[in-house]
Protein chains: 2
Amino acid sequence: MNGNAQVSSNQKPRRTDIRRENERTILDAAEKVFAEAGYGGATMQLIADMAGLPKANLHYYFPTKEALYRQVVRNIFEIWLHAADTFDHAPGPVEGIGGYIEAKMDISRRHPFGSKVWASEVMHGAPVIQDYLETTLQDWTEGRMAAIQRWIDEGKMAPVNPRHLLYMLWAMTQHYADFGHQIETLNNGKPLSDHQWREATETVKTVVLRGIGVQT
Amino acid sequence: MNGNAQVSSNQKPRRTDIRRENERTILDAAEKVFAEAGYGGATMQLIADMAGLPKANLHYYFPTKEALYRQVVRNIFEIWLHAADTFDHAPGPVEGIGGYIEAKMDISRRHPFGSKVWASEVMHGAPVIQDYLETTLQDWTEGRMAAIQRWIDEGKMAPVNPRHLLYMLWAMTQHYADFGHQIETLNNGKPLSDHQWREATETVKTVVLRGIGVQT
DNA sequence: CCACAACCTGACCATCCGGTCAACATATTT
DNA sequence: AAATATGTTGACCGGATGGTCAGGTTGTGG
């Protein structure tokens, strides 16, 4: 909550460190504010307060509000893509899809703000990352679809439309971040406990894996 | 796209009709603008232009931007709740849950803007409809959970955490509205065809129903 | 220790936005 | 047809917001 992101006791803050740390502080604050207020509702003043820096300082590191927002979205996209690593070197759907669900549920828990910013961006027509959707995401999607199709052809899972299966996985896992407030409200206003997160992950995994004809 | 919502050829527009029609025109325009720009990004001028009315006229029917937004969210919530009708008078999960999926997929297709407004509202902490979440939605959720639990107890479906199953259903069905832009982009920029919508619905139904141990 | 570059920030500005209002138009009632 | 209620709208206002800038501070290389 405090903007002071000083990495413990440093007598002399190096020049490069200053830049890196301040950019990080600002980006973290921006991610939170953009997630909670939306792009239009977020103000540079709010982000500055959250970061514990004067507003003018933000404009020193990021020329415009849009540039700052762009960087936030880019960062999230990176995290997003890496969650697929489990998909690739998996022998079958149990490890591949099961692992993917675990990884994405974990991201939903650890990066709820990022997930919301991404959701907002897409819901508003992806004005900033449209090109990424058309290139990187499209390629990524086709790669995973091919992997799923391969498992189907090898008889390792039931024949299910790979594209819509992917959409289902995205939907279910990200839901726990994007609609976290609703879930928390329905949990008597308390955040999900460790146990409840496991329960959620297990339920998703169980239903999906059984749904694609793997494991009972 | 045109704000003229006149219901065909009327010689004399009745007073009551005028009010009703204008409110409808404004609410439709507002729903779209709020969905596409978010609450903070939406401006009364944008909504006015979309509705084809001068801005001051909006304030004649709705005192403030927030009041207008509130009404939009309320309307969506109503539609939302009615989708559960299929749930109630169903003999088992195949009809109950299968029908619910179909109903919600249909809503996602017919009311994509409303779904996005709802998603935005919840993502931003539900500042406007928090009380609804705590009362109406909580009651609704517990009712459906009980129904699911009954089916489990009667051996009509596999034992699955009813709460998380509900969340999964919400997530998957609403995803097709909220992330419609992403899905459209991954469909070569074209909206899903009738056939593709059926395919999506069938895939969700198949995986879920098989996932809860019903039907092959 | 000096000069330069990087960093910091209070004060300021142009623009935009939600909301108001007075004057006017149209329909309904008496 | 006069009086009244309802609907319409251009012009205006106060406040907030993104962004600028001049002048200052702090670290760094020579």
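Computed from a predicted model, the values in this text were never measured in an experiment. Lettering of chains follows the sequences in order, A, B, ..., and the numbering in each one begins at 1.
Remark: A/Asn57 is not in phosphate contact with C/dG10, judged by side-chain N or O atoms under 4.0 Å from OP1 or OP2. Side-chain N/O atoms of A/Arg19 include none lying less than 4.0 angstrom from OP1 or OP2 on C/dA6. Remark: B/Tyr60 is not in phosphate contact with D/dT8, judged by side-chain N or O atoms under 4.0 Å from OP1 or OP2. OP1 or OP2 of C/dC8 sits under 4.0 Å from a side-chain N or O of A/Tyr61.
With hydrogens and angles left out, the side-chain atoms of B/Ser115 and B/Asp178 include a donor and acceptor closer than 3.5 Å. With 3.5 Å as the limit, one finds no donor-acceptor pair spanning the side chains of B/Gln182 and A/Tyr167. Side chain to side chain, B/Gln130 and A/His181 meet the donor-acceptor criterion of an N or O pair below 3.5 Å.
When the P atom of D/dT20 is taken as reference, atom NZ of A/Lys65 falls 15 Å away, rounded to whole Å. Here D/dT9 presents its P atom at 11 Å from CD1 of B/Ile18, a figure rounded to the nearest Å. Between the P atom of C/dT20 and the CG atom of B/Leu58 lies a distance of 13 Å, rounded to the nearest Å. Taking atom CD1 on A/Ile47 and atom P on D/dG19, their separation rounds to 11 Å, with Å as the unit. Counting to the nearest Å, the C1' atom of D/dG10 and the CD atom of B/Gln45 are 12 Å from each other. When the P atom of C/dA27 is taken as reference, atom CG of B/Asp17 falls 13 Å away, rounded to whole Å. Remark: C1' of C/dC21 and NE2 of B/His59 are 13 Å apart, rounded to the nearest angstrom. Straight-line distance from the CD atom of B/Glu21 to the C1' atom of D/dT6: 16 Å, rounded to whole Å.
Across the interface with DNA chain D, nearest-nucleotide mapping of B/Leu53 and A/Met44 shows B/Leu53 to be the residue nearer the 5′ end. Sequence order on DNA chain D of the closest nucleotides to A/Ala56 and A/Thr43 puts A/Thr43 first from the 5' end.
Nucleic acid contact class of B/Ala67 (heavy atoms, under 4.0 Å, all strands): none. Residue A/Phe62 is out of contact with every strand shown, counting any heavy-atom pair closer than 4.0 Å.
Around CZ of A/Arg19, the count of heavy atoms belonging to other residues, nucleotides or ligands within 6.0 Å exceeds 12.
With hydrogens and angles ignored, a donor-acceptor pair closer than 3.5 Å exists between the side chain of A/Lys55 and the base of D/dG19.
Note that B/Lys65 lies in the cation-pi zone of B/Tyr39, set by a 6.0 Å cut-off to the ring centre and a 45° limit from the axis.
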